[in-house]
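Below, each value reflects all heavy atoms present in this structure, side chains not excepted, and no hydrogens, waters or symmetry copies. Convention: sequence-line order gives letters A, B, ...; per-chain numbering from 1.
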Amino acid sequence: MNKFLRTLIPADIAKGLSVTGKHFSQVFFTANRRKVPFHIVSEYPEVPAKVQPRFRGRLTLLKDEQGEIKCVCCLACEKICPTQVITIEKGKKEGRKMPFPVRYDFEMERCIFCEFCVESCGFDSIILNHQFELAAYNREDFSLGTEGLGQNMFELSPTGKFSVADD
Amino acid sequence: MFKNEEMEINLGPQHPSTHGVLRVKLRLDGETVTHCRPMIGYLHRGVEKICENQSFFQGQVWTDRMDYCSAVANNLGWVEANEKLLGITVPRRAHYIRTLLNEFNRIASHLIWLGTHAMDIGALTVFLYAFREREDVLDINEAFCGSRLTTTAFRIGGLREDLPPGFEKLVHKFLAKFSSCLEEYENLLTENRIWKKRTVGVARLSAEDAIALGVTGPMLRAAGVAYDIRKAFPYAAYAEMDFEVPTRTEADTYARYQVRMAEMRQSARIIQQCMDGMPEGPVMAKLPKILRSEVNEVYHATESPKGEIGYYLVGEKGSLNPYRFHVRAPGFINLQSLPKMAEGGLIADVVAAIGSLDIVLGEIDR
């Protein structure tokens, strides 16, 4: 008899629906009213997404106050990188005691953003910036470096651009 | 007109309810499964061999990518196995933070399981609620180590950095609301008649079979065996934590659901204890500049959300990288029990059985 009543009265389904109803009413009665914001979703492309301070984005080379590249070619980042995406060519520059990276190539397509390179760097000359919108249309756009056309290791990657070849 | 023949079909590898690239070869008699064989290997990357060619420090990034739903738990196993091999003692504070993040990861992994498993069976709503809380856990991951999914959270010898400022606030915000969130999921599912019809008595795996097949984790505990490595062989700071190992005796899909829900409650308890009793001190042990292995052979097992994840490392004395590396992946060994659970049942219950296994193919194929 009890079991029959339980089959007849869908209390379990009502319990589930009450959860849905509660959330629906919360959103329904607060939507378009600024007083009580109730938004779990962020309006990402319109509103820029916030990342945490430790976020691991794209690798960036740093410069010191004089505009000199801080990197001294100790090759620690090249050695520690689990996917071998960094290639450094050691060179000399006039008026600089420390070695100077003639080439600092970074193949972003294979980078796994583990931050081992930054950890290994004893000269604080590289960081992972907070950029995460790194999609591009061409494969060449992923090979970054200190030289070459539009290749850029010091600033943010251009976003919404079709290709390096475009400009 | 009516042929009494058996039909062979493939479930997967591109089937949405096989959780990745799992292919299940099924032989059907009408709707009854008479023969079931899981076929794996579609996601094989050779992680074990890659790790043998990389240093002890670098290998950790590959463990992230094995079971990407519980990357922190995989990291923990890897670093602890390496610490055993290299003979390093870790500061107490580092142990506590590791335990804390590991339990957060257990919650995240179980929430993924809850969402996708319920969605496979037909309860679409829970998915959205479960992923809402998982988002908070991923934010905590991001605040601690800068990445959400492939965390690379720990380092051999401790942690890279201490907890960030404002971390306690994030944790307390999560803990304050999590128990009410769990109640929400239970309101949606536990008493629901459709959910019960799809899960109660479905895909049974008795304790004898589970032990014989080497099944671990919530699958084993749902069969009534209270085996949890956190209790049996405590690692990290679990020896100082007070928690229960939830078990059920029904050994069906519903029991596994109950066990995992209870485990999430226990995880929240452990997190609370970690936050309360967090010791002060350094988070990184003093390490030699170049890590070289000390002993020959190490097997270290930890309790990942899916079961026992074990790392077997063979090192030569003075070597920079492991000579041999093997992972005892819980998903791989739990998957062996699929024929036992599915054969004799209906084809629709195969999906429930796969869901209750909580497999991630990145870990099975490695």
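For CZ of Phe132(A), the number of neighbouring non-hydrogen atoms (other residues, nucleotides, ligands) closer than 6.0 Å is greater than 12. Environment of NZ in Lys177(B): crowded, with over 12 heavy atoms of neighbouring residues, nucleotides or ligands closer than 6.0 Å.
Counting heavy-atom pairs closer than 4.5 Å to chain B, the top residue among His130(A), Lys15(A), Arg56(A), Lys22(A) is Arg56(A). When the candidates Lys196(B), Arg155(B), Gln54(B), Glu135(B) are compared by the number of heavy-atom contacts under 4.5 Å with chain A, Arg155(B) comes out ahead. For the set Arg160(B), Glu191(B), Gln60(B), the entry with the most heavy-atom pairs within less than 4.5 Å of chain A is Arg160(B). Interface summary for chain A: among Leu189(B), Val61(B), Val126(B), the most heavy-atom pairs under 4.5 angstrom belong to Val61(B).
The ring pair (Phe, Tyr, Trp, His ring centres under 6.0 Å) test with His117(B) is passed by exactly one of Trp195(B), Tyr254(B), Tyr257(B): Trp195(B).
Closest non-hydrogen pair, Pro91(B) versus Gly157(B), comes out as CD-O, 3.8 Å.
A donor atom on one side chain and an acceptor atom on the other are found under 3.5 Å apart for Asn75(B) and Asp64(B).
Heavy atoms of Ile112(A) lying under 4.5 Å from chain B belong to its backbone as well as its side chain. When heavy atoms are compared at a cutoff of 4.5 Å, Thr190(B) does not approach chain A at all. The parts of Glu184(B) that come within reach of chain A are both its backbone and its side chain, each placing non-hydrogen atoms under 4.5 angstrom from that chain. Using a 4.5 Å cut-off between heavy atoms, Ser55(B) makes no contact with chain A at all. Looking at Arg148(B), there are no atoms closer than 4.5 Å to chain A (heavy atoms on both sides), in backbone or side chain. Residue Ile194(B) touches chain A through its side chain alone, counting heavy-atom pairs closer than 4.5 Å. When heavy atoms are compared at a cutoff of 4.5 Å, Ser18(A) does not approach chain B at all.
To the nearest 0.5 Å, atom CZ of residue Phe178(B) and atom CG of residue Leu111(B) are 5.0 Å apart.
A ring-centre distance under 6.0 Å is found for His23(A) and Tyr129(B).
No side-chain heavy atom of Leu59(A) sits under 4.5 Å from any side-chain heavy atom of Phe113(A).
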